[in-house]
Amino acid sequence: MSVVSDIKNAAAAAIQALYQQPFTAADIAVNTTKPEFEGEYTIVVFPFTKFSRQKPEETGQALGAWLTANYADLITGFNVVKGFLNLQVRHQYWIRFVQQAHASRQVGQKPANGRKVMIEYSSPNTNKPLHLGHLRNNFLGYSVAEIFKANGFEVIKANLVNDRGIHICKSMLAWQLFAHGDTPATTGIKGDHLVGDYYVHFETILKEQAEPIISDVLEGEFKDFDGAEKERIIKLYQALQKPEVQADEEKSTKIKDEIKEISRNRTEIMQQAKIMLQQWEAGNPEVRALWQTMNSWVYEGFDETYRRLGIDFDKMYYESQTYLLGKDLVEEGLRKGVLFRKEDNSVWIDLTAEGLDEKLLLRGDGTSVYMTQDLGTARLKYDDYHMEQSVYVVADEQNYHFKVLKLILEKLQEPCADGIYHLSYGMVELPHGRMKSREGTVVDADDLVDEMIATAAANTEELGKVKGFSEEELRELNETIGLGAMKFFLLKVDPKKKMIFNPEESIDMHGFTGPFIQYSYARIKSIMREFSTADLAVLADYTHEEALLPMEKELIMLCEQFDGILEEAQREMSPSVIANYAFLLAQTFNSFYAKKEQGKYIYSVRDAESDSKRKLRLQIASLTASTIKQSMKMLGIAVPERM
RNA sequence: GGACCGGUAGCUCAGCUGGAUAGAGCAGCUGCCUUCUAAGCAGCAGGUCAUUGGUUCGAAUCCAAUCCGGUUCACCA
């Protein structure tokens, strides 16, 4: 039970008693009171004037009087300003909260609720190392999983690895052609980076081979093409010659892009890659062996990155094992009449009634597409775990895909359909736009982590506050701070918004940042170190009778809101809710810590004006520390005892 | 063109289930380390909440239209 819900329930009872109106607690607006007015929480009374038939002020007075008379253990006083009823919560209420929180020892962990969710995140391709975009995905997925757990859910963290397809064949082919047998072991290059390097190599060759073909086409020469493709390319060429197209830059760029794409497909190296993909699908032993070897290099690299990032999974899925799934669903769909077959034998679903298009599910040759395997995988996951919700952490460019996926599953009456939830997040962009591998602007995840830790180390060194730390402790501290800065940076923004990352400026460690909060935590721990565990232990049964000073109350109130914040974060699937809260809490503690009047620190724990105040403040500090620690844990961020 | 998302301080973002005078951080300017940690604190300055209209006691928040930016609408994944 929270204060806000207590107040809402009391207000609902008041309305029932005074006006005989069945107003539910959920319909009552309760906010924190603005600092310029007296009170802690405020009820907005405007909505009640309809049936009170009094002015807002009178309605507020009547409600306030009733509440202080009938809920005296909750509310001790009130004042009314216009339509706002400001309530003063009984000071014992706050004290009781502090003591209960202290006694329970574990803040922000709700008991198991018997509900099960799967969170799929990360889901990398195995042809390239992880980059900045993946980091947002990984941190989001991990954090949302933590948030669900804290709210009492059972969580399965899943990773669907895209380990097959043309992209990995590109790396494999380039390796075969140019690597002379190099391995991570012989070169000392991390496996995922080595494989990524050959992917880049492939793209370079591809570009070289495509260029003459493209320039031929642009000059009206089509010798590299035949059949339908030739017709298509000629059509594009002719379209490009039209004066109205040449005047329209957007249009001509689009046509040129298509010409480039078709030309790239005509290159020798691309043809080889396609052959390799066919060999892979046919189970060619040599190709399969190379595939296994190179993927294993990538997994070693990924494992290292994941371990460093503190990211883990309960269940791995591999597309090489799931890409053929979904065909039976299509068969069933055809039988149910939800799907239909065209003359060329391809299978479709008609979603025009839903304002969407027709969507292909099986090609004419019977092979499946991305959507088909996702349908099958959705069923597989559900068969594996029977979870009530299946969350996909995937960038917002796939919004349409997931909308369609859910819709099709609903139409097929799959039991997993209702639980499908696309946690869509915005891309991380550079100041000049999206990261482009062809332009070499991709920010590598490992490099960024290194950089962050180095920055943290430089700061730690400069501040010189960690005398007596061993080498190992120092390394661990800098890793905690560097990673904390990075995770917080990527999680503090609302997931659905795209965000800008400027690699020129390193991620800040002051202000609204992870290190700021970590620092605040370490500072509290430093205060607490002055006192023994016995000092803390006797606090639980201590009854505090003195009045609460403003910032003592403010901190208690903030800590009391934590449960509600956790629920909101889970409901919204938004770690940023917690990031904002943790910052506010840390910031408030810092003000509390530094508040000075007439040359004295008025909230000093050590030099408190009385024994009871010392104990109360120690308790508040301890509770604040636990709440900060748990908040940061929800973001996958550790907090140091000293920094 | 259809669908979806976004537009709040110089910059990066909160606030959006309607509530009191729109908040942080960074950057800029002032102060504060004989103090339980200055990765901190206090303060100054900075706004037609894209535009217009509507809904009502009340709109950054809801609705409509418009403008700007993005994503997507592949027999790619």
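Reminder, nothing fancy here: chain letters follow the sequence lines and each chain counts from 1. Keep in mind it's a predicted model, so treat the numbers as computed, not measured.
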Heavy atoms under 4.0 Å, any strand shown: does [X] hit a base, just sugar-phosphate, or nothing?
| X | result |
| --- | --- |
| A:Y601 | base |
| A:I481 | base |
| A:Y425 | nothing |
| A:S591 | sugar-phosphate |
| A:F583 | sugar-phosphate |
| A:R642 | base |
| A:N162 | sugar-phosphate |
| A:K403 | sugar-phosphate |
| A:N459 | base |
| A:E261 | nothing |

In this structure, are over 12 heavy atoms from other groups packed under 6.0 Å from [X] atom [atom1]?
| X | atom1 | value |
| --- | --- | --- |
| A:K327 | NZ | yes |
| A:K629 | NZ | no |
| A:E58 | CD | yes |
| A:E461 | CD | no |

**Request:** Would you kindly say whether A:H422 and A:D396 are connected by a side-chain donor-acceptor distance under 3.5 Å?
**Result:** no
Which whole number of Å gives the distance between the [atom1] atom of [N] and that of [M]?
| N | M | atom1 | value |
| --- | --- | --- | --- |
| B:C68 | B:A50 | P | 16 Å |
| B:G43 | B:G23 | P | 14 Å |
| B:U51 | B:U17 | C1' | 26 Å |
| B:U55 | B:A64 | P | 15 Å |
| B:A3 | B:A65 | P | 10 Å |
| B:C76 | B:U61 | P | 44 Å |
| B:A9 | B:A22 | P | 14 Å |
| B:G58 | B:G1 | C1' | 40 Å |

**Message:** Is the shortest side-chain heavy-atom distance between A:M427 and A:M435 below 4.5 Å?
**Reply:** no
Lys/Arg-Asp/Glu bridge criterion (N-O < 4.0 Å) met for [X], [Y]:
| X | Y | result |
| --- | --- | --- |
| A:E261 | A:K256 | no |
| A:E229 | A:R266 | yes |
| A:E358 | A:K342 | yes |
| A:K496 | A:D494 | yes |
| A:E473 | A:R642 | no |

Establish, with yes or no, whether the OP1 or OP2 oxygen of [N] is under 4.0 angstrom from a side-chain nitrogen or oxygen of [X].
| X | N | answer |
| --- | --- | --- |
| A:Q587 | B:G25 | yes |
| A:R363 | B:C75 | no |
| A:R614 | B:C36 | no |
| A:H510 | B:G40 | yes |

[atom1] of [X] versus [atom2] of [N]: gap in Å, rounded?
| X | N | atom1 | atom2 | result |
| --- | --- | --- | --- | --- |
| A:K596 | B:G40 | NZ | P | 18 Å |
| A:Q398 | B:U72 | CD | P | 10 Å |
| A:N399 | B:G70 | CG | P | 17 Å |
| A:I517 | B:G25 | CD1 | P | 13 Å |
| A:N265 | B:C76 | CG | P | 10 Å |
| A:E429 | B:G6 | CD | C1' | 11 Å |
| A:M427 | B:U71 | CE | C1' | 8 Å |
| A:Q54 | B:C57 | CD | P | 18 Å |

**Fill in**
Going 5' to 3' through nucleotides 10-21 of chain B and flagging B where a protein heavy-atom sits under 4.0 Å of the base, S where only the sugar-phosphate is that close, and - otherwise, we get ---SS-B--BBB
Which one, [options], comes nearest to the side chain of [X]?
| X | options | value |
| --- | --- | --- |
| A:R606 | B:U72, B:C36, B:C73 | B:C36 |
| A:N590 | B:C36, B:C41, B:A38 | B:C41 |
| A:F516 | B:C5, B:C41, B:C26 | B:C41 |

**Prompt:** Does the A:S576 side chain pair with the main chain of A:A579, one donor and one acceptor, at a distance under 3.5 Å?
**Reply:** no
**Message:** Looking at A:R617 and A:S604, would you say the former's side chain and the latter's main chain have a donor-acceptor pair under 3.5 Å?
**Reply:** yes
**Prompt:** Want to settle it: does A:Y603 or A:D344 sit nearer the 5' end of RNA chain B, counting the closest nucleotide to each?
**Reply:** A:Y603
**Along RNA chain B (nearest heavy atom to each residue), the more 5'-positioned of A:R434 and A:T588** = A:T588
**Fill in**
The correct list of stems in which RNA chain B takes part (3 or more consecutive Watson-Crick or G-U pairs, distances under 3.5 Å) is B:1-7 with B:67-73, B:10-13 with B:23-26, B:28-32 with B:40-44, B:50-54 with B:62-66
